[in-house]
Number of protein chains: 2
Amino acid sequence: MNSSSTPATLGVRQAQKLKTRQALLDAALKLLEEQSLSSLGLREVTRVVGVAPAAFYRHFRDMAELGVALVEESLASLHVMIRAVLAEQQEAEEVIDRSVEAVADHVRRHPAHVRFVARERHGGVRAVREAIAAELARFGDEVAAALAAQEASRGWSAEDVRMLAGLYVDHLVMTASAFVEASADDPAEERAEERAIADTARRQLRLISLGRRHWPAAS
Amino acid sequence: MNSSSTPATLGVRQAQKLKTRQALLDAALKLLEEQSLSSLGLREVTRVVGVAPAAFYRHFRDMAELGVALVEESLASLHVMIRAVLAEQQEAEEVIDRSVEAVADHVRRHPAHVRFVARERHGGVRAVREAIAAELARFGDEVAAALAAQEASRGWSAEDVRMLAGLYVDHLVMTASAFVEASADDPAEERAEERAIADTARRQLRLISLGRRHWPAAS
DNA sequence: CCCTGTGGCAAACAGTTGTTTACTGAAACC
DNA sequence: GGTTTCAGTAAACAACTGTTTGCCACAGGG
């Protein structure tokens with residue numbers, strides 16, 4: 001029933017392989033909602049997928065390698081999202097509102113991905129930590145480039161721009177973490193707490209924006 | 001050789017018990033430098049201490065319970081430190097320098113504790129996460145109280161003060177994480193990277209401080 | 001001085017883990 | 001159409017896990 005839905009350029013062979021690979025990633029991500037990567041067992045994952053333990057090795061050498069793959073999957077979508085927000089040139093107040101709403105939306109749509117990144121950013125698996133750090137750094141560079149292009153940054157040193165970008169990225173990650181942690185509670189209070197978090201995030205961004213406007217730019 | 005160094009009010013019995021309990025905590029903390037709590041085994045800890053696995057249950061029901069104990073131990077010292085910084089009323093510029101230096105110092109002295117908190121703040125063990133969150137919240141309240149007492153906060157709403165306190169606490173945790181992550185590299189670059197992190201942190205705090213000064217206080 | 005409370009021990013338990021081995025069947029290639 | 005490639009299998013491996021049991025040695029209070 002789905003033989004025509006696979007990209008024509010891929011053989012049936014490779015398509016099937018990619019399918020189980022994705023199944024492994026999905027199963028791992030689901031299991032990681034309630035534990036951390038360094039305690040996630042290979043057999044645990046294959047059991048959920050319904051595949052023999054040895055089959056795991058056809059796709060990943062380690063659980064660490066699977067983790068790195070999850071990092072890429074998780075941060076790719078975020079990349080797209082924030083790029084869209086940065087693209088539109090608008091009033092500061094409005095870009096703040098849009099950013100916070102975009103983050104909230106992203107968390108609503110990919111809660112497991114966000115949780116995974118927040119958890120493993122300082123987690124027990126070195127390779128995964130480094131993958132996340134590298135991706136967030138590229139992320140910061142991107143934000144810095146966007147900031148530098150704005151007239152509000154005239155006369156700013158590159159380091160100062162990068163510093164501000166870091167502040168924004170850190171704040172974004174903290175806000176996303178707060179959202180995803182709040183959604184773990186019962187859905188009754190979920191809405192209220194979500195709005196409280198968004199409100200605080202907006203005020204914090206407004207304060208930062210204010211500090212930015214009064215930053216002593218070297219001539 | 002140390003029979004006279006124990007507090008006289010404790011019997012030999014309780015003193016010995018506390019000693020092995022502390023040994024368990026220390027061993028766990030050391031092991032947690034390279035893995036996360038949810039993957040740390042009970043036997044692993046007792047093996048390092050040199051004690052039978054069953055002995056563990058005389059002190060903790062779970063690894064989770066041990067984790068909560070570690071949270072208290074880890075954040076107690078930080079509490080003391082930041083209280084000292086907040087106590088002294090000084091020029092904004094100087095309080096920033098002192099704060100960053102105090103954080104750097106604290107990380108240098110208790111790297112394992114800081115790493116543990118950063119790792120388990122979003123880690124896989126619910127009870128530990130909640131313990132950390134609760135402690136950080138109390139922490140934020142304390143900072144908020146100190147901020148409210150300053151004349152720079154005249155006319156601020158309580159929510160705004162709490163929002164600013166949250167920003168400071170988050171920033172403190174992020175900075176501490178950055179320090180401890182940097183110290184994992186080779187000691188050659190350690191000094192340089194440490195100064196870079198401190199420098200960025202100071203500039204970020206300065207920008208926040210600037211935003212604070214220009215925040216529209218309701219009359 | 002004896003008795004009780006208890007921190008720690010050794011042993012055994014059923015499960016689970018990661019990894020290797022030789023294999024099968026079907027897609028892909030010439 | 002025969003042959004090669006390879007994703008997935010089943011079974012076995014030693015090593016490890018958390019937890020329970022009965023026991024001992026000994027500090028502390030009477």
Side-chain angles (χ1 to χ4, degrees), chain A residues 2-28 31-32 34-69 124-128, chain B residues 2-28 31-32 34-69 124-128:
Chain A
N2 59 359
S3 63
S4 64
S5 66
T6 50
T9 64
L10 256 62
V12 175
R13 205 76 197 262
Q14 302 207 38
Q16 281 283 349
K17 179 167 185 181
L18 279 185
K19 204 167 139 186
T20 47
R21 184 190 137 103
Q22 191 57 45
L24 288 170
L25 287 172
D26 292 350
L31 290 168
L32 284 173
E34 290 177 0
Q35 62 187 305
S36 45
L37 185 64
S38 68
S39 75
L40 179 61
L42 163 164
R43 292 182 103 107
E44 221 173 327
V45 178
T46 57
R47 194 182 310 132
V48 171
V49 175
V51 78
F56 182 90
Y57 296 102
R58 301 285 183 201
H59 302 274
F60 307 101
R61 189 191 314 278
D62 270 332
M63 279 299 304
E65 198 171 295
L66 180 145
V68 172
V125 184
R126 167 178 292 261
V128 170
Chain B
N2 58 359
S3 63
S4 64
S5 65
T6 51
T9 63
L10 255 60
V12 176
R13 205 74 198 262
Q14 301 206 39
Q16 281 284 350
K17 177 166 186 182
L18 280 185
K19 205 167 139 186
T20 48
R21 184 192 137 103
Q22 191 58 45
L24 287 171
L25 287 172
D26 292 350
L31 290 168
L32 284 174
E34 290 176 0
Q35 62 187 304
S36 43
L37 184 64
S38 68
S39 75
L40 180 61
L42 163 166
R43 292 182 105 107
E44 220 173 329
V45 177
T46 57
R47 193 183 310 132
V48 170
V49 176
V51 78
F56 182 90
Y57 295 103
R58 302 284 184 201
H59 302 274
F60 307 101
R61 188 191 314 279
D62 268 332
M63 280 298 305
E65 197 171 295
L66 180 145
V68 172
V125 183
R126 167 178 292 261
V128 172

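Every chain is numbered from 1 and lettered A, B, ... according to where its sequence line falls, protein lines coming before strand lines. Only this structure's heavy atoms are used, side chains among them; waters, hydrogens and symmetry mates stay out.
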Using a 4.5 Å cut-off on heavy atoms from C-beta on, say whether the side chain of A:Phe56 contacts that of A:Arg43.
no
Counting any heavy atom closer than 4.0 Å, what does A:Arg21 reach on the DNA or RNA strands: base, sugar-phosphate only, or nothing?
nothing
Rounded to whole angstroms, how far apart are CD on A:Gln16 and C1' on D:dG8?
11 Å
Could you run down nucleotides 18-30 of chain C 5' to 3' and tag each one B, S or - for protein heavy-atom contact under 4.0 Å?
BBB----B-BS--
Heavy-atom check, side chain of B:Glu44 versus side chain of B:Met63, under 4.5 Å
no
Do A:Phe60 and A:Val68 come close enough that some side-chain heavy atom pair is under 4.5 Å?
no
Whole-Å distance separating the CZ atom of B:Arg47 from the P atom of C:dC9
14 Å
So, OP1 or OP2 of D:dA7: does either fall under 4.0 Å of a side-chain N or O from A:Thr20?
no
Flag side-chain contact, heavy atom, 4.5 Å: A:Leu40 against A:Leu32
yes
Pairwise side-chain contact, A:Val45 with A:Leu31, heavy-atom cut-off 4.5 Å (strictly under):
yes
Nearest whole angstrom, please: distance from the P of C:dG8 to the CG of B:Leu18.
10 Å
Whole angstrom value for the distance that separates C1' of D:dC16 from CD of B:Gln35:
14 Å
What is the distance from CZ of B:Phe60 to P of C:dG8, rounded to the nearest Å?
11 Å
Is there a side-chain contact between A:Lys17 and A:His59 (heavy atoms, below 4.5 Å)?
yes
